[in-house]
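Following: one structure in structure tokens, then a few remarks.
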Amino acid sequence: QVQLVESGGGLVQAGDSLRLSCAFSGYKFNEHAMAWFRQAPGKEHEFVAAINWSGSIVFYADSVKGRFTISRDNAKNTAYLQMNTLKPEDTGVYYCAAAHTPFSSWRVSAEAKDEYRYWGQGTRVTVSS
């Protein structure tokens, strides 16, 4: 059974940085694509970033390109989201997700919530102006 635990959220000011971590336990982290989604109050889950099993392919939402960086350390079974130049509109609960699907499927659906079978409980990020 795969379990995901996020950490690193908090209250920061606009322009600050945070690094979120997602600890993966269970079956073969290095066979799972990983992603981060977020949910702002009263809104649906929004795709933020995704990374393939090896870390060689990444996708970003337009709203975070150039500010956020997704990465993974397969030796530590952990995925990360480095968030720089945070804005108030980045406020929300950030969820880590894992997909154990063929690359051909994930590549075209990396931004889709339904592509990911496993989800963490989320970590809250609040950016004040």
Side-chain angles (χ1 to χ4, degrees):
Q1 182 70 18
V2 171
Q3 291 187 326
L4 305 174
V5 179
E6 304 95 336
S7 61
L11 171 63
V12 297
Q13 293 187 335
D16 286 351
S17 298
L18 277 177
R19 188 175 83 155
L20 306 183
S21 298
C22 174
F24 176 106
S25 61
Y27 182 72
K28 294 188 179 179
F29 177 65
N30 61 5
E31 291 187 0
H32 288 74
M34 302 297 294
W36 290 92
F37 289 77
R38 67 187 180 189
Q39 187 173 27
K43 295 187 176 180
E44 296 292 321
H45 280 78
E46 174 191 18
F47 170 76
V48 176
I51 189 168
N52 73 325
W53 68 272
S54 68
S56 61
I57 298 175
V58 295
F59 296 98
Y60 294 100
D62 288 342
S63 59
V64 307
K65 280 181 182 176
R67 300 189 298 121
F68 290 12
T69 302
I70 188 171
S71 62
R72 64 189 296 157
D73 186 336
N74 286 347
K76 295 182 177 180
N77 286 2
T78 303
Y80 304 96
L81 184 68
Q82 177 66 44
M83 306 186 295
N84 298 329
T85 318
L86 282 160
K87 304 176 180 180
E89 51 264 43
D90 294 320
T91 293
V93 178
Y94 282 69
Y95 297 90
C96 174
H100 193 228
T101 54
F103 175 73
S104 58
S105 170
W106 176 81
R107 183 178 58 180
V108 297
S109 304
E111 300 182 11
K113 180 182 175 183
D114 290 345
E115 185 69 11
Y116 299 89
R117 178 177 181 182
Y118 305 106
W119 291 79
Q121 293 301 306
T123 184
R124 185 173 300 276
V125 173
T126 304
V127 184
S128 64
S129 58

Aromatic ring centroids of W119 and H45 under 6.0 Å? yes
Find out whether the Lys NZ or Arg CZ of R107 is both under 6.0 angstrom from the six-membered ring centre of F59 and within 45° of the ring's axis. no
Within a strict 4.5 Å, meaning less than it, do heavy atoms of the F29 and N74 side chains meet? yes
Does a donor on one side chain sit under 3.5 Å from an acceptor on the other, for E115 and T101? yes
Run the side-chain contact (heavy atoms from CB on, under 4.5 Å) test on H32 and W53 for me, step by step, so that the C-alpha distance in whole Å, both residues' side-chain angles and the decisive distance to 0.1 Å come before the verdict. CA-CA 5 Å; H32 288 74; W53 68 272; over 6 Å; no
Show the numbers, then the answer: is there a salt bridge (Lys or Arg N to Asp or Glu O under 4.0 Å) between D90 and K87? CA-CA 5 Å; D90 294 320; K87 304 176 180 180; over 6 Å; no
Would you call L18 and L86 a side-chain contact if the rule is heavy atoms closer than 4.5 Å? yes
Decide if the gap between the ring center of Y95 and the ring center of F37 is smaller than 6.0 angstrom. no
Can R72 be said to sit on top of Y80's aromatic six-ring, NZ or CZ under 6.0 Å from centre and within 45° of the ring axis? no
So N84 and F68, side-chain contact (heavy atoms from CB on, under 4.5 Å) or not? Walk me through it. CA-CA 6 Å; N84 298 329; F68 290 12; 6.0 Å; no
Between D73 and T78, do the side chains contain a donor N or O and an acceptor N or O under 3.5 Å apart? no
Are L20 and V125 side-chain neighbours, meaning at least one heavy-atom pair lies under 4.5 Å? yes
